[in-house]
Structure formats: structure tokens, C-alpha cells
Protein chains: 2
Amino acid sequence: MRTRASYHHGDLRAALVAAAVGAARAGGPDAVKLTALAAEVGVSAAAAYRRFPDGLEDLLRATGDVARAELADRIARKVAAVRGSDPADVARRRFRASGLAYVEYVSEQPGLFAVAQRHPSCLPPGEAPDPHGLLEQRLDALVVEGLLPAERRPLASVAAWAAVHGLALLLAEGALAQLPAAQRRQAVDRTLDMVERGL
Amino acid sequence: MRTRASYHHGDLRAALVAAAVGAARAGGPDAVKLTALAAEVGVSAAAAYRRFPDGLEDLLRATGDVARAELADRIARKVAAVRGSDPADVARRRFRASGLAYVEYVSEQPGLFAVAQRHPSCLPPGEAPDPHGLLEQRLDALVVEGLLPAERRPLASVAAWAAVHGLALLLAEGALAQLPAAQRRQAVDRTLDMVERGL
DNA sequence: TCCTCATGTGAACGACAGCAACATGCCGCG
DNA sequence: CGCGGCATGTTGCTGTCGTTCACATGAGGA
């Protein structure tokens, strides 16, 4: 990162994305304002259009990719932290851990996550972070361990994702946002129990 | 409804809400612009502030209440349409019908529903439409018919709501928005199966 | 050294939220 | 019947923001 105040910035794109991520964390998608962020970075608004030809929408897509990467990382770490000697038990606990990580991330970063929801990735499919792919892996592991019948494997990811995604949104910015911490944990456990039993 | 073009409008508040509902149906929350809607109704922007002291936010809350009322009505109708002679079977099918109605409404009116999500009601608790209350009624019926163990009744509404809410959002404006109709139906069935088994 | 193109600037336009001071007319009170 | 007050609307302004255009600058290669 160059602190030098030259005519050319050095890494304007990264600086703008970083500023946008900060604004989104604090105030959600509506707080990401191209004009204000360009000024914050020390650059005219028009300069931002060199790096983001479609303007604000491009910036929000890049910001959403940061959120998706953070989410995928959070899930991967929490899953990897689950250890044990019984493979079936590990598979089951890792599946729960992935759901829990999703809810935790959305609860901690509701504004940034909202950007990811509303603005699809600007990266090519191979490079884009893919939280959903991690869920598919967990479900495959459940099938391998005999915890999920193979005939129920199709569309299982949709059902599980829907439950966890909905719960996360209700807790983070929906009707359950005011729930005290103890009841939040109960709600998460109750929902994951339902998913586990019902999948 | 007065068509008369007098100095005083007659029912400006209702006219603005109706215009806002139309805009939200077509383009979501960001399409609701106080200035443009006031012009559409044939009134200056400042006039709208007489009826909505907090400006745009107030208008969006009132618009969200229309969405919540439509949703509650949709659910109530679909539930009431389920008839049969076996009370347990009726309770089970009515529970599914309420979830299906939720998904259908969100899929058909994603823009209007998004307003309801992001902007809480401006009505006193007693008068506000309450889709969630209808779900609680369905769950109570399941307990009465012995389809849901009483010890699982607490927080069951959270789990069921989360699954249906998440599914609706994924289908309406999320990653599953492009799914063809046949697979959409399968996704809904698969998710409701999970909820029914797992609750 | 000079040329070129990426990068950045300043100015301008239009849409919009919100506020303030002024205008209008409906309705009730004397 | 007339008059005055208050709800209702209006014009006009300020500030923010997205977006575009013509122009300026400077870094690096021919």
C-alpha cells in the first residue's frame, strides 16, 4: 500500500473496494456511495469509473465478492475445526458447523452480507467464492456415512440452504433481530435439529 | 374516489400508497421515489410530507403493510380452501398450504415483498396484518391432531418460518431465481417434506 | 527525448430527499 | 352571512449523489 500522494493512486480499485466494504459493514448496501467513497480515498468521483465502468453496480458486485469470500472462509474454518474419531459423528457435526457458521457470519455482518445477496458476482465462475459448494460437500459426506439416504440427496442442498439462509436473515435483519442471545441460540439449535431430522 | 381536480386532493395518502405499491411491484423498494410518485399522483413533492412526516421511510412502511396484508390474505385463503373429512390430514395439508402460499406470494410479488421485509409496520400491533400468526395457528392444529409432539412445539414456528422464508427468497430474488418451473415445484416439495419430517 | 495511453481532474446535468416560506380554500364561529 | 384559522398544497431552495464529457497529467516504452 503506497501512502505517497502522487497523481496516480497505485491501487485505486482495491482502495475503493476496501472503503466500500467498510461502508457496507457499517450501514448496508445503501451506505455504499460512489461519490463519497471516491472522496474518502482521495480521488475524484470520475476516476472511479475507470476501474468500475458500470459505476456503483460494479463496485457493489466487487464488494459482494468480498463478503462471499469471507463467508466461505468462515464456513471452511469452522468445519475444519471439527475433529473426532467417529467419522459419522464428525460428518454430522461438520454439517451442523457449516450451518452455524453461516448464521454467525450473517448475524455479525448483516450489512455486508446484504450486499452479497443483492448483487451477483462479477468474477468468472471458476474464481468466484462459493459458499454453496461447501454445503454440497457436507451433504455428500452425510451420504457417505449413511446419515442421509441417497434417494434424498437430490435437492437436499436446496432445503438445507433455505432453512439456514432464512434463519440467518430473520435473526440478522428480520423479525427475530431483537431476540436475546440465549433465545437466539435456541432458535438456531431448533432449526438445525429440524434440518437434521428432516433432510 | 374523487376524480375532481380541486386544490385539495381528497385522499392523497391512499393515492400515494397505491402509487408506491405499483412502483414496488414493478421495481422493488428502490423504485419507490417520493418525488416521482407525488408527481404521478398530480401533487407536489412537499405535499407528500404532510401525510408522511418521516418522508420516504413512512411511505415505505405503509407500502410494506399493504404487502403484509396481501400475504396474510393469500395464506388465509389457501388454508381455508383445504377441506376434507380426516381432521389430521386436513391439519397436515393446511400446514403445507400455508407454506406454499408464502412461497407463491413472494415469487409473484418479489418487489413488494422486499419492501415489507426492509421496512417494519407503521401500524399499532393490534391492527397490523400478521402472516406469522397464521403459521402459529397451523402449528397449534398439528399439535391438536398429534402430528407434532407438544415438547417440540416451542420454537417450531421459528424453524418452519425460516425454512419457508429462506426458500421463498432464494426462489424469488436469490440464487434459485432462474430455476425452471418444474424444478421450482420440486424444490418447494422437497423443502416442505423436510420441514414436515423434521419439525 | 518524445509520444502515447492509462489514469485522474473539473465541470456539468439530472434525479432525488428534505426543508422553509408562502398560498389557498374549507369549515365553523360570531 | 361574513370572516378568520388551520389543514392542505405550492414554489423554490439546498445538498447529495450517479453519471458523463472534455481535458490534463505523467509513467514507461520506442
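Each chain gets a letter, A, B and so on, in the order the sequences are listed, and its residues count up from 1.
- Among D:dT19, D:dG18, C:dT9, the nucleotide with an atom closest to any side-chain atom of A:K33 is D:dG18.
- Taking the side chain of B:A36 as heavy atoms from C-beta on, and the options C:dC19, C:dC16, D:dG9, the nearest nucleotide is C:dC16.
- B:R51 has a side-chain polar atom (N or O) that falls below the 4.0 Å cut-off from OP1 or OP2 of D:dG9.
- Summary of the strand contacts: B:A45 and A:L34 both lie near DNA chain D, and taking for each the nucleotide with the nearest heavy atom, the more 5' one is attributed to B:A45.
- You'll find that the side chain of B:S44 is closest to D:dT11, out of D:dT11, D:dC17, C:dA17.
- You'll find that the side chain of A:Y49 is closest to D:dT20, out of C:dT7, D:dT20, C:dC16.
- Residue B:D30 contributes atom CG, which lies 12 Å from atom P of C:dC16 at whole-angstrom precision.
- In this entry the distance linking CG of B:L37 with C1' of C:dA17 reads 13 Å, nearest Å.
- If you measure from atom CG of B:D11 to atom C1' of D:dG9, you get 15 Å, rounded to the nearest angstrom.
- Atom CZ of B:R197 is surrounded by more than 12 heavy atoms from other residues, nucleotides or ligands within 6.0 Å.
- Set against D:dT8, C:dC16, D:dC17, the side chain of B:R50 has D:dT8 as its closest nucleotide.
- Between the CG atom of A:L16 and the C1' atom of D:dG18 there is a distance of 14 Å, rounded to whole Å.
- Side-chain proximity of B:A46 to the nucleotides D:dT8, C:dC19, D:dT19 is greatest for C:dC19.
- The separation between B:E57 atom CD and C:dC16 atom P is 18 Å, rounded to whole Å.
- Atom pair B:F52:CZ and C:dA17:C1' shows a separation of 15 Å (rounding to whole Å applied).
- Across every non-hydrogen atom of A:L16 and A:A48, the tightest pair is CD1-CB, 3.7 Å.
- Rounded to whole Å, the distance from CG on A:L56 to P on D:dT20 is 12 Å.
- Protein atom CG of A:D54 is 8 Å distant from nucleotide atom P of D:dT19, rounded to whole Å.
- With B:R152 contributing its side chain and B:L199 its backbone, the two residues share a donor-acceptor pair below 3.5 Å.
- Looking only at side-chain heavy atoms (C-beta outward), A:V17 and A:F52 come within less than 4.5 Å of each other.
- B:L171 has its side chain within reach of B:V188: a pair of non-hydrogen atoms, C-beta onward, lies under 4.5 Å apart.
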